[in-house]
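First up is the structure itself, then whatever we jot down about it.
Convention: sequence-line order gives letters A, B, ...; per-chain numbering from 1.
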Amino acid sequence: MKAAAPNPASTTSARADISFTPEPTLVHDRVIEWFEEHARTLPWREPDCTPWGVMVSEIMLQQTPVVRVLPRWQEWMRRWPRPADLAAAPVAEILRAWDRLGYPRRALRLQAAAQAMVDDHGGEVPGTADELRRLPGVGEYTAAAVACFAFNQPEVVVDTNIRRVHARAFTGHALPGKTYTSAQRRLAHDLMPATASDDGATACAWNASVMELGALICTARAPQCEVCPVADLCAWRTAGSPAPTEEQQTKGQAWAGTDRQVRGAIMAALRTSAAVPRAELLDGLALPEASAQQRSRCLDSLITDGLAAQAGDRVSLPGA
DNA sequence: AAGACGGGGCA
DNA sequence: TGCCCAGTCTT
């Protein structure tokens, strides 16, 4: 596939004055060619996958690795093949089917998004990033990703993998830093292939290819530069592969003893049981270090979030 | 701009 | 143990 020159006039910014090292078109061609040869075969990338299938995959893949998503995605698509199917499903079943993907509020938001599609979009996944962005649980990344991967629209897709590849190949940094800056957004935009000649096909290929390169080769910990198609062009390599600065270190979330751990333990217990007395549920958590107050507070927060329900003394998944 | 929000696998 | 992963939402 032939990549064209970067977008000349798709914005008001004076792109023509910006010069990149390395030359973007060269990187486009190399990375897209690499993708065509080495990309993983994933069900949501198959041509027959519906926009809904793409949407479900994108929500599941927020902060969750592909290998853990695969089996859950297969089951979800079998049980709820259209937005209306998920919208009509009991919340308890959805949370059980979400299993241990983590951040279960994503499952709730996905159902809310499905309901919005039924209410406002004729039961279909909306086809533009602006419409997608208004759905619950759909942020800047997911809106662009679904518009691009399901509807072939040349949106600027930027995830953690893409930020890292950009930081290394074009900015010369080891890591992109914790926050997504306006400078990074502008760089990603300026690096997009032109859309005039091919209706955005190369732009979408570029998005998918850079993401895959970041996931498989240009990884955070130990990048495999030996097999990288643009190693000889990479600004970070050219600079001698400097180590990450203090600023670029990732924050690292604590886990042991946090409310997130306790909430997760409560959800795990609720998924495998019918309604249980509150005290029995909280006392049964295998978390010796969690105080009674913390357990109680976390259960209350889950109820507030709509992830658990209490009727009288008994607690269960919502609607169960 | 920073913090909350799950969970498992790998170095 | 610490770090990382196709982010979003709230303050």
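Toward the 5' end of DNA chain B, the nearer of the two residues A:T181 and A:Q62, judged by each one's closest nucleotide, is A:T181.
Comparing the C1' positions of C:dC9 and B:dG8 gives a spacing of 24 Å, expressed to the nearest Å. B:dG3 and C:dA6 have their P atoms separated by 23 Å, given to the nearest Å.
Salt bridge annotation for A:R40-A:E212: present, with a cationic side-chain nitrogen under 4.0 angstrom from a carboxylate oxygen. Under 4.0 Å is where a charged nitrogen must lie from a carboxylate oxygen, and between A:R297 and A:D259 at least one such pair does. We find that A:D305 and A:R263 are joined by a salt bridge, their nearest charged nitrogen and carboxylate oxygen being less than 4.0 Å apart.
Taking every side-chain heavy atom of A:Y141 into account, C:dA6 is the closest of B:dG7, C:dC9, C:dA6. If you check C:dA6, B:dG6, C:dC5 against the side chain of A:R263, the one that comes closest is B:dG6.
No engagement by A:Q261 is indicated, since no non-hydrogen atom pair under 4.0 Å with the nucleic acid exists. Counting any heavy atom pair closer than 4.0 Å across all strands shown, A:I162 reaches no nucleic acid atom. Residue contacts shown for A:R221 include a base, since a base heavy atom lies under 4.0 Å away. If you check every strand for non-hydrogen atoms under 4.0 Å, A:A145 touches nothing. When heavy atoms are screened at a 4.0 angstrom cut-off, A:T258 is found touching no nucleic acid atom at all. At a threshold of 4.0 angstrom between heavy atoms, the contacts of A:W98 with the nucleic acid are absent. Nucleic acid contact for A:V66: none, since no nucleic acid atom lies under 4.0 Å from a heavy atom of the residue. When heavy atoms are screened at a 4.0 angstrom cut-off, A:G102 is found touching base atoms of the nucleic acid.
A parallel orientation is assigned to the rings of A:H166 and A:W206, their planes being inclined by less than 30° (bins at 30° and 60°).
If you check distances only, the side chain of A:T64 never reaches the base of B:dG8 with a donor-acceptor pair under 3.5 Å. The base of B:dG6 sits with one of its N or O atoms less than 3.5 Å from a complementary donor or acceptor on the side chain of A:R260. Looking at A:R68, its side chain has no donor and acceptor atom pair within 3.5 Å of the base of B:dG9.
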